[in-house]
Amino acid sequence: MAETGTKPRTKTVVKTARPPLHKVILVNDDFTPREFVVRLLKAEFRVPEAQAAVIMLTAHTKGSCVVAVFTKEVAEEKANRATEAARSQGYPLLFTSEPED
């Protein structure tokens with residue numbers, strides 16, 4: 001058999017990049033009641049009560065705590081909604097978001 005000199009084509013596999021993740025951070029304050037923080041974490045971030053209490057206590061003792069990690073848009077939305085929910089009740093509680101390392 002004679003060779004034709006053509007080479008088989010190599011397939012190009014396109015991998016979609018995962019979107020960069022952002023963490024939502026609870027910033028401690030000395031005014032918002034602990035029970036309110038736990039209720040807000042359960043409602044907005046859908047964490048169980050025990051986990052919400054751990055997050056709240058960690059923020060209380062260390063100054064801040066990562067609540068959850070999402071895509072940028074979701075993290076910003078949840079941080080804003082949680083902060084607004086606290087403000088609507090007259091509390092200075094703050095949630096922020098920042099890129100995950």
Side-chain angles (χ1 to χ4, degrees):
M1 241 201 258
E3 286 194 34
T4 59
T6 59
K7 294 181 179 177
R9 285 190 183 177
T10 56
K11 284 187 178 180
T12 303
V13 178
V14 178
K15 280 192 169 183
T16 55
R18 298 186 109 185
L21 296 177
H22 281 61
K23 46 193 173 185
V24 176
I25 299 169
L26 166 60
V27 181
N28 184 57
D29 68 67
D30 293 329
F31 304 101
T32 308
R34 293 178 178 192
E35 298 78 22
F36 178 82
V37 176
V38 169
R39 274 198 325 267
L40 185 57
L41 289 168
K42 286 170 52 181
E44 185 62 44
F45 297 96
R46 305 282 188 250
V47 295
E49 185 153 355
Q51 185 180 352
V54 168
I55 292 168
M56 178 272 301
L57 285 172
T58 302
H60 181 71
T61 57
K62 297 189 177 198
S64 66
C65 181
V66 174
V67 176
V69 178
F70 303 100
T71 59
K72 180 181 182 189
E73 294 78 18
V74 173
E76 288 175 348
E77 163 105 18
K78 286 192 170 283
N80 289 337
R81 278 202 329 227
T83 299
E84 287 305 313
R87 300 286 157 80
S88 73
Q89 298 298 310
Y91 299 122
L93 191 62
L94 176 64
F95 288 84
T96 62
S97 66
E98 66 182 45
E100 189 178 43
D101 298 332

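If you chain together hydrophobic residues whose side chains sit under 4.5 Å apart, Phe36 and Leu94 never meet in one group. Taking hydrophobic clusters as Ile, Leu, Val, Met, Phe, Trp and Tyr residues chained together by side-chain heavy-atom distances below 4.5 Å, Val54 does not share a cluster with Met56. Both Val67 and Leu57 belong to a single network of hydrophobic side chains, linked directly or stepwise wherever heavy atoms of I, L, V, M, F, W or Y lie under 4.5 Å apart.
Cation-pi geometry between Lys78 and Phe95 is not satisfied (NZ or CZ under 6.0 Å from the ring centre, within 45° of the ring normal).
Taking Ala52 as the reference, Val38, Leu41, Lys42, Val47 meet the side chain to side chain contact (heavy atoms under 4.5 Å, CB included) condition, with sequence neighbours excluded. Remark: Thr32 engages Asp29 in a side-chain hydrogen bond (donor to acceptor under 3.5 Å, both in side chains) (not counting sequence neighbours). Applying the salt bridge (charged side-chain N to carboxylate O under 4.0 Å, His left out) test to Glu73 and every residue at least two apart in sequence or in another chain returns nothing.
For residues 56-65, the side chain to side chain donor-acceptor pair (under 3.5 Å) pairs, not counting sequence neighbours, are Arg34-His60. For the side chain to side chain donor-acceptor pair (under 3.5 Å) condition, the pairs that include at least one residue of residues 80-91, sequence neighbours left out, are Glu44-Arg81, Glu77-Arg81.
Remark: Lys72 NZ is loosely packed, at most 12 non-hydrogen atoms of other residues, nucleotides or ligands lying under 6.0 Å away. In the displayed structure, Glu100 atom CD is contacted under 6.0 Å by more than 12 heavy atoms of other residues, nucleotides or ligands.
Residues Ala59 and Asn28 share a closest heavy-atom pair of O-CB, 3.1 Å. The shortest heavy-atom contact between Lys23 and Pro99 is CE-O, 3.8 Å. What you find for Leu40 and Ala82 is that their closest heavy atoms are CD2-O, 3.4 Å. Here the closest non-hydrogen pair linking Ala75 and Phe70 is N-CB, 3.7 Å.
Note: Ile25 CD1 to Ser97 OG = 8.0 Å, rounded to the nearest 0.5 Å.
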